[in-house]
Amino acid sequence: QVHLVESGGGSVQAGGSLRLSCAASEDISRTTNCMGWFRQAPGKEREQIAAIYTANDRSFYADSVKGRFTISQDNAQNTVYLQMNNLKAEDSAMYYCAAGMYDGSWFPPQTYQYRYWGQGTQVTVSS
């Protein structure tokens with residue numbers, strides 16, 4: 001069974017940075033071609049904030065994080081990263097990574113198209 005494990009979360013002051021990692025327990029390149037980062041704050045819906053199409057590094061960012069967050073991948077390590085800079089209090093949430101299949105239509109894939117999910121890592125930003 002495939003596992004995605006996030007790490008790198010923690011507490012930071014506003015303006016600070018964190019780098020999240022998401023490692024797959026095995027090579028999932030045959031069944032997935034897109035990695036996404038989602039977040040969910042208490043009382044709010046889960047939102048997709050970044051995604052990367054592993055075939056050509058095409059990326060997506062939600063408006064709320066554009067210019068501050070960067071998604072990248074290391075295929076050799078089956079790992080995807082989320083570099084988060086200039087963090088704000090409103091970035092506080094549980095962050096999840098997911099792996100799915102981009103079928104060439106709408107990018108990024110919809111939530112239901114992500115097959116594998118991690119357990120999440122907490123990010124807390126104090127103002």
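Remember, it's a predicted structure, so these values are computed and weren't measured experimentally.
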Enumerate donor-acceptor pairs with a distance under 3.5 Å from any side-chain N or O in residues 78-94 to protein atoms, sequence neighbours excluded.
{"unit_1": "Thr79", "atom_1": "OG1", "unit_2": "Gln77", "atom_2": "O", "d": "2.8"}
{"unit_1": "Gln83", "atom_1": "NE2", "unit_2": "Asn85", "atom_2": "OD1", "d": "2.9"}
{"unit_1": "Asn85", "atom_1": "OD1", "unit_2": "Ser17", "atom_2": "OG", "d": "2.9"}
{"unit_1": "Asp91", "atom_1": "OD1", "unit_2": "Arg39", "atom_2": "NH1", "d": "2.8"}
{"unit_1": "Asp91", "atom_1": "OD1", "unit_2": "Arg68", "atom_2": "NH2", "d": "3.0"}
{"unit_1": "Asp91", "atom_1": "OD2", "unit_2": "Arg68", "atom_2": "NH1", "d": "2.7"}
{"unit_1": "Asp91", "atom_1": "OD2", "unit_2": "Arg68", "atom_2": "NH2", "d": "3.4"}
{"unit_1": "Asp91", "atom_1": "OD2", "unit_2": "Lys88", "atom_2": "N", "d": "2.7"}
{"unit_1": "Ser92", "atom_1": "OG", "unit_2": "Ala89", "atom_2": "O", "d": "3.0"}
{"unit_1": "Ser92", "atom_1": "OG", "unit_2": "Val125", "atom_2": "N", "d": "2.8"}
{"unit_1": "Ser92", "atom_1": "OG", "unit_2": "Val125", "atom_2": "O", "d": "3.3"}

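One distance of note links CE of Met101 with OG1 of Thr32; it measures 6.0 Å at 0.5 Å rounding. Once rounded to the nearest 0.5 Å, the distance linking CD1 of Ile28 with CG of Asn33 reads 10.0 Å.
Other residues, nucleotides and ligands place no more than 12 heavy atoms under 6.0 Å from the CD atom of Gln13. Counting non-hydrogen atoms of neighbouring residues, nucleotides and ligands closer than 6.0 angstrom, the CD atom of Gln122 exceeds 12 such neighbours.
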request  = May I have the step-by-step check of side chain to side chain contact (heavy atoms under 4.5 Å, CB included) for Gln1 and Ser25, ending in yes or no?
outcome  = CA-CA 8 Å; Gln1 185 175 359; Ser25 58; over 6 Å; no
message = side chain to side chain contact (heavy atoms under 4.5 Å, CB included) for Tyr96 and Thr121? Distances and angles first, verdict last.
response = CA-CA 7 Å; Tyr96 302 88; Thr121 185; over 6 Å; no
ask   = What's the verdict on side chain to side chain contact (heavy atoms under 4.5 Å, CB included) for Asp103 and Gln113, showing C-alpha distance, side-chain angles and the deciding distance?
value = CA-CA 9 Å; Asp103 61 8; Gln113 293 176 286; 3.5 Å; yes
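Counting only heavy atoms from C-beta outward, the side chains of Leu18 and Val123 approach each other to under 4.5 Å. At least one side-chain heavy atom of Trp37 sits less than 4.5 Å from a side-chain heavy atom of Cys22. Tyr53 places none of its side-chain heavy atoms less than 4.5 Å from the side chain of Met35. Side-chain atoms of Tyr102 and Arg58, non-hydrogen and from C-beta on, do get closer than 4.5 Å to each other. Taking 4.5 Å as the limit, some side-chain heavy atom of Ile71 sits within range of a side-chain heavy atom of Tyr61. In this structure, the side chains of Trp117 and Thr111 come closer than 4.5 Å at one or more pairs of heavy atoms. Looking at heavy atoms from C-beta onward, Glu6 lies out of side-chain contact with Tyr95 at the 4.5 angstrom threshold. Taking the side chain as every heavy atom from C-beta outward, Ile49 and Phe69 approach each other to under 4.5 Å.
The stretch residues 25-89 participates, sequence neighbours left out, in no disulfide (SG to SG under 2.5 Å) pair at all.
A distance below 6.0 Å separates the ring centres of Tyr114 and Phe38.
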